[in-house]
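Reading through the structure tokens given below for one structure.
The structure displayed is predicted, hence computed values, not measured ones. We name chains A, B, ... by the order of the sequence lines, and we start the count at 1 in each one.
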Amino acid sequence: FNICSTEKKVLSSFVTINVYAFTPTFKRVVLLECNAVLRAYQDTDSVISSVSTKVKGNILTNTSIEGVHVWDVPEYVIPPQGEKSFFVLTNVIPTPGQTQSKCPEIPSLVTKCESDSDCIEGQTEVHGNGVQTGHCVQYSDTIKTCEVQAWCPLENDTIIPKPALLGAAEHFTVLIKNNIQYPKFNFRKRNLLHHINSTYLKNCTFDRKTDPHCPIFRLGHMVTEAGEDFSVMALKGGIIGIFIDWNCDLDFPERFCIPKYSFSRLDNKNPENNVAPGYNFRFAKYYKNNKSIETRTLIKAFGIRFDVIVFGMAGKFNIVPTIVNLGAALACLSLVTAICDWVMLTCMKDHDQYAKRKFIHLNQNGDSVPLVSKS
Amino acid sequence: FNICSTEKKVLSSFVTINVYAFTPTFKRVVLLECNAVLRAYQDTDSVISSVSTKVKGNILTNTSIEGVHVWDVPEYVIPPQGEKSFFVLTNVIPTPGQTQSKCPEIPSLVTKCESDSDCIEGQTEVHGNGVQTGHCVQYSDTIKTCEVQAWCPLENDTIIPKPALLGAAEHFTVLIKNNIQYPKFNFRKRNLLHHINSTYLKNCTFDRKTDPHCPIFRLGHMVTEAGEDFSVMALKGGIIGIFIDWNCDLDFPERFCIPKYSFSRLDNKNPENNVAPGYNFRFAKYYKNNKSIETRTLIKAFGIRFDVIVFGMAGKFNIVPTIVNLGAALACLSLVTAICDWVMLTCMKDHDQYAKRKFIHLNQNGDSVPLVSKS
Amino acid sequence: FNICSTEKKVLSSFVTINVYAFTPTFKRVVLLECNAVLRAYQDTDSVISSVSTKVKGNILTNTSIEGVHVWDVPEYVIPPQGEKSFFVLTNVIPTPGQTQSKCPEIPSLVTKCESDSDCIEGQTEVHGNGVQTGHCVQYSDTIKTCEVQAWCPLENDTIIPKPALLGAAEHFTVLIKNNIQYPKFNFRKRNLLHHINSTYLKNCTFDRKTDPHCPIFRLGHMVTEAGEDFSVMALKGGIIGIFIDWNCDLDFPERFCIPKYSFSRLDNKNPENNVAPGYNFRFAKYYKNNKSIETRTLIKAFGIRFDVIVFGMAGKFNIVPTIVNLGAALACLSLVTAICDWVMLTCMKDHDQYAKRKFIHLNQNGDSVPLVSKS
């Protein structure tokens, strides 16, 4: 019989592996490996993405300060352009009629004072609202605080409206249009899939089971899928990630490359080990009042920022990674053979017979002789 | 003569490949492979990028509502900060003088009514403009619609100005400044290349043939390169991607690493299988009117959003991928040898002679004998 | 003795390498390679990140035009939402009271004129402020310029306030909250590390030595670390990159995966080979004046844009790259063996003895004979 050359052993080791794969566990490992090695034969590219969003919905509020007020998209979506990161207002602390003037600070440990000597002219507190004038003035009948030059009257944000003013925002919907491409493979696709027609799109809402490809999402549904309670989150705001996963195997037909949506909260809702929980910012609407003095309505806006995060890798057969991985797999398999041989030679009872068939030896003269002496 | 050891065969297989590469097709494949394997010897890094943009241009419009009006950058570029995604207004439906009040809805299938019983108090239609009061009122002499609490008068966006109000925006220019870096290789560069001086930059406009490195782009030129008609796109808006490709082989001198620009439309212009074609959003300018009541001018803004998308990978020689790929290539080549051997042994006529020179055999005693019996 | 099979030689070549690594330089190379090969056993994933920012601070300015004015966050941070790219106003050229009307252009080479024939009706200069009416009018007692339809009076930005109006912005602080994830490894972390408590976060400021994990940064400190002078940069603006490096080896415990901060200037400060140095943009606040005519205050805003750039790759042990790299390393090692053999056979004096032990030869009959003839 023949002594196999290394190359033939490489091929035969496939068989060897199957012989050794007597337990189901081992078989599964081998299968997983094969699958993984096959995927490694692909060249990869990262996704390039463009997103536009459009929110729909109206809310009527009735407050003592503002009276009846209907909020529409240009008022509660900030910025209004429909980018991939959009903010939906859910709670508001308005401070109307601010002008540049002087007023007492909001009381706190560092702003309370008893006389002018407690206040330093020109001082600005990190958490303060203006620049101190150096005077200590009456804030209320009993409390005196340092006077500041600022946009007065100052905002008092100690009490947050509860329930959230725009808690009904959970019924709003957002249409997300997402175009992606894998430039290396000249592949383009969008999340409005081919088989979806306009009629369907005008009425559908995303649902993981019934409408998994509808690109219109109810805000409340997304927050629920992220494991949060909208009415709670609406109070102080937060950040929700809308993940669109475009991982695709482009060796399969194009129709198998479809986006997978998922949602999760991105900011930290834990009160401990946290500063400034929730998500809020301040902006102002500027006016000239009747006396042509610049006036503004300051708005402390609490709300949910939705970040559309598109990610993905596409793989496609390519000769380079094929060479790299095939080569590697071969070298790996020859290692397996070597290990098998070592096992056979060390552990098995009739290792002499195996060795006799496996090795030829040279005697001192360089002649080939079998390992066991001729008898 | 010698029996080659596996290692020598590896080297000789380079020759074998050339022998077998008798057809030009095969030769090209081999060349491509060599090139690809060489590239695989590089370590790679993804680009990190910073973009700022600045649009220039003025347009004069003369409409019956607004009269003569000159539009400058702070009015038509939204947001104004010059980020990597900027929107240029091309068409406008303004609705001046809106206040919080009650008015009849815009007629549609769901808003038309005959009596109050057709309208539900508190109801908000998805495509409606406000919250229904429950009353059915005269919209015009012949049509009655449900009354809504909203920003009134309502916007009527059924008629889009044609030609686009700011269609002349195609003559605007945008300066794009792009700084990139590959942190792994400590490589930095920007799209204002070294050999370009300030005088040139003040007057040039990008042109693929004459000025391929000028970072100032005419909006109309970019839209044309994307295969679109500016005047058509200006009507309902859209999204144009400005792709800057920084793929570089950093084993070559730094001056070869230059950006390549390309343009393509990112949104779907197909009317079928589409919702809300084009690109538009609404924003408002808020005023206090003479009676100090909050008033706003609602603007439905159609326009082109330009997304500057910077992508690229840099490669540079590195010992790790070199080991991986060299090793893999070697293993691969030894596979080639094995296949060659198999071909020789199975297909060729004088395979006995080949085998005699290729293999040595052991007889039952372990002695080595040639495959063919001594005669 | 035995003729080693290829597999055994592979293993023995580990020893061979050590024998040959007699010089320290070679040893270091081998060590580096081993380390690199070990890292190559990992599967990798790119970071997915979400950022929110919050600036704090107030500034009092006292100018002849505006009088005493306190600037707070809603006024000087643009956009106000606290996104990953935020702009802090440092210098301002305000032009109050602009309305749509006609006025002489700012004098320049192209706008100066002597008679109406020098001005073309409908013409818009690239660097101009409006659309020419075709008239040549007095700009000052001695200078005539073309009249334009524009927002008048025109902005005159030739003189930039020096020192910068809001130069004190260097004392502002910004809180950066950054949540990252490596989806492939189901790994999530944020830059508010576990061991940091709320009390510490309320008072700390980032310092590379004393507080390297505090996520609150003083603007001036970041600009200094980027190698720039805040007071100089505040004049004309610029772009500062805040890099957060999340490169992690996830085979180590989670606590070793911590963000590393660095700062660098992203725009080009070189006056030569540059257009529009610094960073500025224009925006406007719109009013209705007493006669209900739309009026605006144009603001040319100079300032520093801070771009938070999060990058990183995580690696974790995975069977696929392990197979690929192990295989490659093995193939590579067998190449080393082959080279060693070649060196031994060509360069060494007693290569006959080596060859005798290394090769067996076939004579014409196919018998195996040593390379040296039996004597």
Quiz item: Is atom NZ of Lys236(A) surrounded by more than 12 heavy atoms (other residues, nucleotides or ligands) closer than 6.0 Å?
Solution: no

Self-check item: side-chain contact (heavy atoms from CB on, under 4.5 Å) between Arg190(C) and Asp267(A), intermediate numbers included
Solution: CA-CA 9 Å; Arg190(C) 58 203 178 89; Asp267(A) 64 320; over 6 Å; no

Quiz item: Given that the side chain runs from C-beta out, which part of Ser49(C) has a heavy atom under 4.5 Å from chain A: side chain, backbone, both or neither?
Solution: backbone

Quiz item: Could you state the interatomic distance from CG (Leu266(A)) to OG (Ser52(C)), rounded to the nearest 0.5 Å?
Solution: 10.0 Å

Quiz item: For Ile48(C), is it the side chain, the backbone, both or neither that has a heavy atom under 4.5 Å from a heavy atom of chain A?
Solution: side chain

Quiz item: Are the side chain of Asn58(C) and the backbone of Gly128(A) linked by a donor-acceptor contact shorter than 3.5 Å?
Solution: yes

Quiz item: Any ion pair linking Asp307(A) and Lys84(C) (charged N to carboxylate O, less than 4.0 Å)?
Solution: no

Exercise. Tell me, with the steps shown, if Lys288(C) and Lys288(A) meet side-chain contact (heavy atoms from CB on, under 4.5 Å).
Key: CA-CA 8 Å; Lys288(C) 297 267 186 193; Lys288(A) 297 268 185 192; over 6 Å; no

Practice problem: Could you look at Ile180(C) and say if it's the side chain, the backbone, both or neither that has a heavy atom under 4.5 Å from chain A? | Solution: neither

Quiz item: More than 12 heavy atoms of other residues, nucleotides or ligands under 6.0 Å from CD of Glu121(A): is that the case?
Solution: no

Practice problem: Give, as side chain, backbone, both or neither, the part of Asn129(A) having an atom under 4.5 angstrom from any heavy atom of chain C. | Solution: backbone

Quiz item: What do the steps show when you test Val70(C) against Trp151(A) for side-chain contact (heavy atoms from CB on, under 4.5 Å), and what is the final call?
Solution: CA-CA 7 Å; Val70(C) 168; Trp151(A) 285 96; 5.5 Å; no

Quiz prompt | Interface residue of largest heavy-atom contact number with chain C, from Ser264(A), Ala284(A), Ala301(A), under 4.5 Å | solution = Ser264(A)

Quiz item: Got a second to check how far Glu294(A)'s CD is from His69(C)'s NE2, nearest 0.5 Å?
Solution: 6.5 Å

Quiz prompt | Heavy atoms of other groups near Asn62(C) CG, more than 12 under 6.0 Å | solution = yes

Exercise. Below 4.5 Å from any heavy atom of chain A, which atoms of Tyr200(C) appear? Answer side chain, backbone, both or neither.
Key: neither

Exercise. Sort Leu298(A) into side chain, backbone, both or neither according to what part of it lies under 4.5 angstrom from a heavy atom of chain C.
Key: side chain

Self-check item: Nearest-0.5 Å distance, OG1 of residue Thr124(A) to CZ of residue Phe172(C)
Solution: 8.0 Å

Quiz prompt | From CG (Asp45(C)) to CE (Met313(A)), nearest 0.5 Å | solution = 8.5 Å

Quiz item: Looking at OH of Tyr286(A) and OH of Tyr287(C), how far apart are the two atoms once the value is rounded to the nearest 0.5 Å?
Solution: 8.5 Å

Quiz prompt | Val68(C) and Gln149(A), any side-chain heavy atoms less than 4.5 Å apart | solution = yes

Quiz item: Where does Val55(C) contact chain A at under 4.5 Å (heavy atoms): side chain, backbone, both or neither?
Solution: neither

Self-check item: Phe86(A) vs Gln81(C) side-chain heavy atoms within contact, under 4.5 Å
Solution: no

Quiz item: Atom NZ in Lys177(C), atom OH in Tyr279(A): separation rounded to 0.5 Å?
Solution: 9.5 Å

Practice problem: Answer whether the closest heavy-atom distance between the side chains of Val73(C) and Arg282(A) falls below 4.5 Å. | Solution: no

Self-check item: Lys/Arg N to Asp/Glu carboxylate O, Glu83(C) vs Arg305(A), below 4.0 Å
Solution: no

Quiz prompt | Under 4.5 Å from a heavy atom of chain C, the part of Ile239(A) involved | solution = side chain

Self-check item: Which atom of Phe281(A) lies closest to which atom of Pro80(C), heavy atoms considered
Solution: CB-O, 3.3 Å

